[in-house]
Amino acid sequence: KLQKTVDEQGWNNNKYIIPYAAPVVDFSGKSENTLEEHELLEGLLEKGYEIEGKGFLRYIVSPCIGQLNKFFSMDGKTTFCKTGYCGATSGKELCFSPDGLITTCLTYSGKGKHDIGCFDEQGVFIDKEKWKMWTERTVFRLDKCKKCKYAFLCGGGCPVLAMEQNGNIDDSVCSDIAQTFNSYVENVVMKRIRKKKCEQI
């Protein structure tokens, strides 16, 4: 149904529109109606989605699948080490909301909490300690991550989930990286290997 809408509206021919899919996340931890990353990946692959972005859906926007795409990249630009989970901890993203507050996470933008600074006619003001709290959150700072074999693919889990569910940004909230990794290898990597073998015969 979605593809039909995209085709009918001509969005697939518009360079300013990039259809993508993303997992449905519940930051409160109370809902049962979520869509984990491995479930999203498996569902899309089952419907014919191609990781290379050749179909009408160009990307899957999710931290773990995104890193797996980089890790198993076919273009020679493999990225092995991911030490932070997402843009909120990268030090590269700032969200300015109409209430005059600044966050590093889009999820918190406009909610009036966990801001790292503010802005007004006088300028932009960043709280250095809050900035460090977010941008220095890496797997090296998180105790639970230090012995995890998926640490450099996961990046320490979502800091928002850690804050909302455990009240501490330095508490790891494990994603479904193990299932996502296994599913990716089985459904994407092994498929590429089998295809390559067939081409060589």
Side-chain angles (χ1 to χ4, degrees), residues 2-3 6 12 18-27 29 31-90 92-93 105-107 137-162 165-166 170-201:
L2 178 58
Q3 184 166 0
V6 168
N12 53 341
I18 303 173
Y20 68 88
V24 177
V25 181
D26 168 37
F27 294 111
S31 175
E32 296 178 12
N33 298 319
T34 60
L35 185 64
E36 299 288 349
E37 289 184 83
H38 78 280
E39 295 171 320
L40 173 67
L41 177 65
E42 290 165 8
L44 289 174
L45 291 171
E46 194 176 289
K47 297 288 185 185
Y49 171 77
E50 296 182 49
I51 287 293
E52 293 79 14
K54 295 177 184 174
F56 86 100
L57 279 177
R58 307 289 168 79
Y59 305 103
I60 299 177
V61 177
S62 71
C64 293
I65 296 171
Q67 179 60 18
L68 289 170
N69 284 338
K70 292 176 185 176
F71 185 77
F72 291 108
S73 173
M74 297 293 285
D75 63 8
K77 298 177 182 176
T78 301
T79 303
F80 168 69
C81 187
K82 175 183 174 181
T83 59
Y85 183 72
C86 65
T89 60
S90 70
K92 297 176 183 176
E93 295 183 12
C105 176
L106 186 59
T107 302
R137 183 187 191 267
T138 70
V139 292
F140 302 113
R141 194 170 92 182
L142 307 176
D143 290 335
K144 291 180 185 176
C145 297
K146 290 177 182 175
K147 295 181 181 178
C148 178
K149 65 181 179 180
Y150 298 106
F152 295 123
L153 290 173
C154 168
C158 176
V160 172
L161 283 176
Q165 292 181 17
N166 304 321
D170 287 335
D171 192 4
S172 304
V173 178
C174 297
S175 68
D176 63 330
I177 184 62
Q179 297 104 308
T180 304
F181 178 82
N182 291 335
S183 182
Y184 194 100
V185 168
E186 181 181 335
N187 296 299
V188 178
V189 178
M190 294 308 296
K191 184 179 176 183
R192 286 176 184 163
I193 291 171
R194 286 191 290 270
K195 184 179 177 185
K196 199 74 171 169
K197 282 184 177 179
C198 288
E199 289 172 355
Q200 292 171 348
I201 294 174

Give a yes or no on whether the backbone of [Y] and the side-chain of [X] come within a donor-acceptor separation of less than 3.5 Å.
{"X": "Glu39", "Y": "Glu36", "result": "yes"}
{"X": "Arg137", "Y": "Ser90", "result": "no"}
{"X": "Ser175", "Y": "Ile177", "result": "yes"}
{"X": "Ser183", "Y": "Gln179", "result": "no"}

Measuring from atom [atom1] of [X] to atom [atom2] of [Y], what distance do you get when rounded to the nearest 0.5 angstrom?
{"X": "Leu45", "Y": "Glu186", "atom1": "CG", "atom2": "CD", "answer": "10.5 Å"}
{"X": "Cys154", "Y": "Leu68", "atom1": "SG", "atom2": "CG", "answer": "10.5 Å"}
{"X": "Asn69", "Y": "Cys64", "atom1": "CG", "atom2": "SG", "answer": "11.5 Å"}
{"X": "Ile65", "Y": "Phe181", "atom1": "CD1", "atom2": "CZ", "answer": "13.5 Å"}

What heavy-atom pair brings [X] and [Y] nearest, and what distance separates the two atoms?
{"X": "Asp171", "Y": "Ala162", "result": "O-CB, 3.0 Å"}
{"X": "Gly156", "Y": "Cys145", "result": "CA-SG, 3.6 Å"}
{"X": "Arg192", "Y": "Tyr184", "result": "NH2-OH, 4.0 Å"}
{"X": "Leu40", "Y": "Ala21", "result": "CD1-CB, 4.2 Å"}

Checklist entry - Knowing that exactly one of Pro159, Cys105, Cys158 qualifies, which makes a side chain to side chain contact (heavy atoms under 4.5 Å, CB included) with Cys86? => result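 Filter result, single survivor: Pro159.
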Next on the checklist: Tell me whether the count of non-hydrogen atoms from other residues, nucleotides or ligands lying under 6.0 Å of NZ in Lys146 goes above 12.
Outcome noted: yes
Item to check | Ser62 and Glu37 side chains, donor-acceptor separation under 3.5 Å | outcome: yes
Checklist entry - What do the steps show when you test Leu153 against Phe71 for side chain to side chain contact (heavy atoms under 4.5 Å, CB included), and what is the final call? => result CA-CA 8 Å; Leu153 290 173; Phe71 185 77; 3.9 Å; yes
Next on the checklist: Parallel, tilted or perpendicular, judged at 30° and 60°: which one describes the rings of Phe152 and Phe140?
Outcome noted: tilted
Next on the checklist: As a quick check of understanding, evaluate side chain to side chain contact (heavy atoms under 4.5 Å, CB included) for Leu41 and Ile60, giving each step before the final call.
Outcome noted: CA-CA 8 Å; Leu41 177 65; Ile60 299 177; 4.0 Å; yes
Checklist entry - Within 45 degrees of the axis of the six-membered ring of Tyr85 and under 6.0 Å from its centre: does Lys82 put its NZ or CZ there? => result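 Pair Lys82/Tyr85 counts as cation-pi.
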Item to check | Verdict with reasoning, Glu46 to Asn187, per side chain to side chain contact (heavy atoms under 4.5 Å, CB included) | outcome: CA-CA 9 Å; Glu46 194 176 289; Asn187 296 299; over 6 Å; no
